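Some notes on the structure that comes next.
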Amino acid sequence: MTGAPEALRAPLLDLPGLRHAFFTRRGGVSSGVYGSLNCGGRRDAPDLVAENQRRAAAALGVPKDRLLLLYQTHSTRAVQADGPWPGKAPEADATVTATRGLAVGALAADCVPALFADPQARVVAAAHAGWRGALAGVLEATLDAMEAAGADRARIRVALGPCISQAHYEVGPEYVDAFTRGDAEATRFFADGPRGRPHFDLPGYALRRLREAGAAQADWIGRCTYADEARFFSNRRAFHRGEDGFGNLCSAIVLEDV
């Protein structure tokens with residue numbers, strides 16, 4: 001596919017001295033189920049993934065080695081970055097930086113990619129939150145790590161990128177049990193689906209966790225990865241179709257000179 005990578009932006013993060021992007025699947029070099037801006041995964045050709053990452057980095061105004069992605073494990077671990085990774089990417093699900101010219105990013109294909117910024121303290125972060133991470137507290141861990149780097153959560157803005165919407169996120173009753181155990185109010189994030197099974201509102205739940213944790217502002221970009229095949233990869237859509245693999249979308253934020 002020709003052309004520059006396509007990126008969506010959140011008005012909440014359109015601020016001086018910041019650049020961010022929720023990249024779509026458009027504008028890369030991969031093909032098939034990975035077509036075309038696949039920025040992660042183990043089955044696509046490594047040289048194609050590397051080129052896709054280079055294109056995403058260039059769109060953010062940084063070299064490829066300054067686009068910092070993680071080996072994501074659905075954990076609550078948040079790491080701080082002061083420069084490019086010295087070797088392999090850390091096993092974690094959030095990265096925080098106060099260093100200019102470092103793009104911290106998250107990969108997702110239905111899970112929530114969250115971009116954070118304290119524009120006054122000049123601290124930014126990116127986190128990956130699937131249902132496990134959101135339930136365990138990865139978003140709160142990211143806020144904690146940002147405060148350790150000098151931010152104040154009363155100033156932190158958080159934008160949630162494209163992820164699976166409630167209409168397409170059918171789950172089992174064990175999910176309801178896991179989320180409502182000790183938190184009866186979490187029932188409001190489940191609704192009966194057309195097949196009589198619950199559907200989970202992942203972005204709504206993530207926003208609630210962020211607001212209750214004291215983030216100043218939080219919003220979802222409102223794009224569903226499952227519903228919009230032309231723009232987004234979706235793990236669940238690939239599973240439903242029996243496809244052998246799926247790509248990963250990249251979302252990232254960088255501090256610029258002011």
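Here the structure is a predicted model, which means the values were calculated and not measured.
Under the 6.0 Å cut-off for aromatic ring centres, His74 and His128 qualify, their centroids lying closer than that. In this structure, Tyr205 has its ring center under 6.0 Å from that of Phe179.
Here the CZ-OG1 distance, from Phe233 to Thr24, works out to 8.5 Å after rounding to the nearest 0.5 Å. With values rounded to the nearest 0.5 angstrom, Thr99 atom OG1 is found 4.5 Å from Asp82 atom CG. With rounding to the nearest 0.5 Å, the separation of CG in Leu102 from CG in Leu60 is 12.0 Å. Interatomic distance, Lys88 NZ to Leu70 CG, rounded to the nearest 0.5 Å: 15.0 Å. Taken to the nearest 0.5 Å, the CZ atom of Phe23 stands 7.5 Å off from the SG atom of Cys39. Between the CG atom in Leu67 and the SG atom in Cys250 there is a gap of 5.0 Å [rounded to 0.5 Å].
Inter-residue side-chain proximity for Leu210 and Leu160 is flagged as met; some heavy-atom pair is nearer than 4.5 Å. Between His240 and Tyr226 there is a side-chain heavy-atom pair separated by less than 4.5 Å. A 4.5 Å side-chain heavy-atom check between Gln166 and Leu202 finds every atom pair outside the cut-off. Put simply, the side chain of His168 reaches to within 4.5 Å of the side chain of Cys224, judged on heavy atoms. In this structure, Thr180 and Phe189 have side chains that are not in contact, with every pair of non-hydrogen atoms separated by 4.5 Å or more. Considering only heavy atoms from C-beta on, Arg9 stays 4.5 Å or farther from Phe22 through its side chain. For the pair Leu37/Arg26, no side-chain contact is recorded, criterion being any heavy-atom separation below 4.5 Å from C-beta on. Side-chain contact check for Ile164 versus Cys111: every heavy-atom pair is 4.5 Å or farther apart.
Taken together through direct or relayed side-chain contacts under 4.5 Å among Ile, Leu, Val, Met, Phe, Trp and Tyr, Leu18 and Val158 form part of one hydrophobic cluster. Both Trp220 and Ile156 belong to a single network of hydrophobic side chains, linked directly or stepwise wherever heavy atoms of I, L, V, M, F, W or Y lie under 4.5 Å apart. One hydrophobic cluster, built from ILVMFWY side chains closer than 4.5 Å, cannot hold both Val62 and Leu15; they sit in different ones. Linking ILVMFWY residues whenever their side-chain heavy atoms come closer than 4.5 Å, directly or via other members, leaves Val254 and Leu68 in distinct clusters. In this structure, Ile253 is a member of the same hydrophobic cluster as Leu207, with clusters built from ILVMFWY side-chain heavy atoms closer than 4.5 Å.
No donor-acceptor pair under 3.5 Å is formed between the side chain of Glu140 and the backbone N or O of Ala213. Of the possible polar contacts, one joining the Trp85 side chain to the Leu69 backbone as a donor-acceptor pair under 3.5 Å is found. For the pair Thr76 (side chain) and Val138 (backbone), a donor-acceptor distance under 3.5 Å is absent. Side-chain atoms of Asp44 do not come within 3.5 Å of backbone N or O of Tyr34 as any donor-acceptor pair. The closest donor-acceptor contact from the side chain of Glu91 to the backbone of Tyr71 lies at 3.5 Å or more, if one exists at all. Side-chain atoms of Arg55 come within 3.5 Å of backbone atoms of Gly27 as a donor-acceptor pair (strictly under, hydrogens ignored). In this structure, the side chain of Thr97 engages the main chain of Ala81 through a donor-acceptor pair within 3.5 Å. With hydrogens and angles ignored, the 3.5 Å screen pairs no side-chain donor or acceptor of Arg153 with any backbone N or O of Ala215. Judged purely by atom type and a 3.5 angstrom limit, Asn52 uses its side chain to pair as donor or acceptor with the backbone of Asn38.
Nearest heavy atoms, Pro162 versus Pro113: O-CD, 3.3 Å. Contact between Ala117 and Pro119 at its shortest, heavy atoms only, is O-CD, 3.5 Å. Between Leu13 and Ala159 the shortest heavy-atom distance is CD1-CB, 3.7 Å. Closest of all the heavy-atom pairs between Gly40 and Val49 is N-CG1, 3.9 Å. Residue Ala7 comes nearest to Ala21 through the heavy atom pair CB-CB, 3.7 Å, listed as atom of the first residue, atom of the second, then distance. The two atoms that bring Arg209 and Ala136 nearest to each other are NH2-C, 4.3 Å, heavy atoms only.
The salt bridge (charged side-chain N to carboxylate O under 4.0 Å, His left out) search around Arg43 returns Asp244, not counting sequence neighbours. His20 is linked by a side chain to side chain donor-acceptor pair (under 3.5 Å) to nothing, counting only residues two or more places apart in sequence or in another chain. The side chain to side chain donor-acceptor pair (under 3.5 Å) check on Arg208 picks up Asp183, Glu212, with sequence neighbours excluded. Remark: Arg197 engages Glu170 in a salt bridge (charged side-chain N to carboxylate O under 4.0 Å, His left out) (not counting sequence neighbours). Residues meeting the salt bridge (charged side-chain N to carboxylate O under 4.0 Å, His left out) test with Arg54, sequence neighbours left out: Glu51. Scored by the salt bridge (charged side-chain N to carboxylate O under 4.0 Å, His left out) test, Arg231 finds Glu6 as partners (sequence neighbours excluded).
Counting heavy atoms of neighbouring residues, nucleotides and ligands inside a 6.0 Å radius, atom CD of Glu174 exceeds 12 of them.
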Inset, instruction - Apply the test side-chain contact (heavy atoms from CB on, under 4.5 Å) to residues Asp152 and Glu147: give CA-CA distance (whole Å), side-chain angles for both, the deciding distance (0.1 Å), then the verdict. - result: CA-CA 6 Å; Asp152 181 340; Glu147 288 196 317; 4.2 Å; yes
Inset, instruction - Please test Phe200 against Trp131 for ring pair (Phe, Tyr, Trp, His ring centres under 6.0 Å), starting from the C-alpha separation and ending with a verdict. - result: CA-CA 9 Å; Phe200 180 50; Trp131 73 265; 8.2 Å; no
Legend entry - Check against side-chain contact (heavy atoms from CB on, under 4.5 Å), Phe246 and Phe239: CA-CA 9 Å; Phe246 56 90; Phe239 174 77; over 6 Å; no
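The existence of a salt bridge linking Arg236 and Asp110 is excluded, since no basic side-chain nitrogen approaches an acidic carboxylate oxygen closer than 4.0 Å. Under 4.0 Å is where a charged nitrogen must lie from a carboxylate oxygen, and between Asp201 and Arg188 no such pair does.
Here the rule is side-chain contact (heavy atoms from CB on, under 4.5 Å) with Phe116, and of Val96, Leu139, Val124 only Leu139 fits it. Among Arg100, Arg122, Arg19, the single residue meeting the salt bridge (Lys or Arg N to Asp or Glu O under 4.0 Å) criterion with Glu256 is Arg19. None of Arg25, Arg241, Arg237 except one satisfies the side-chain hydrogen bond (donor to acceptor under 3.5 Å, both in side chains) rule with Glu229; the exception is Arg241.
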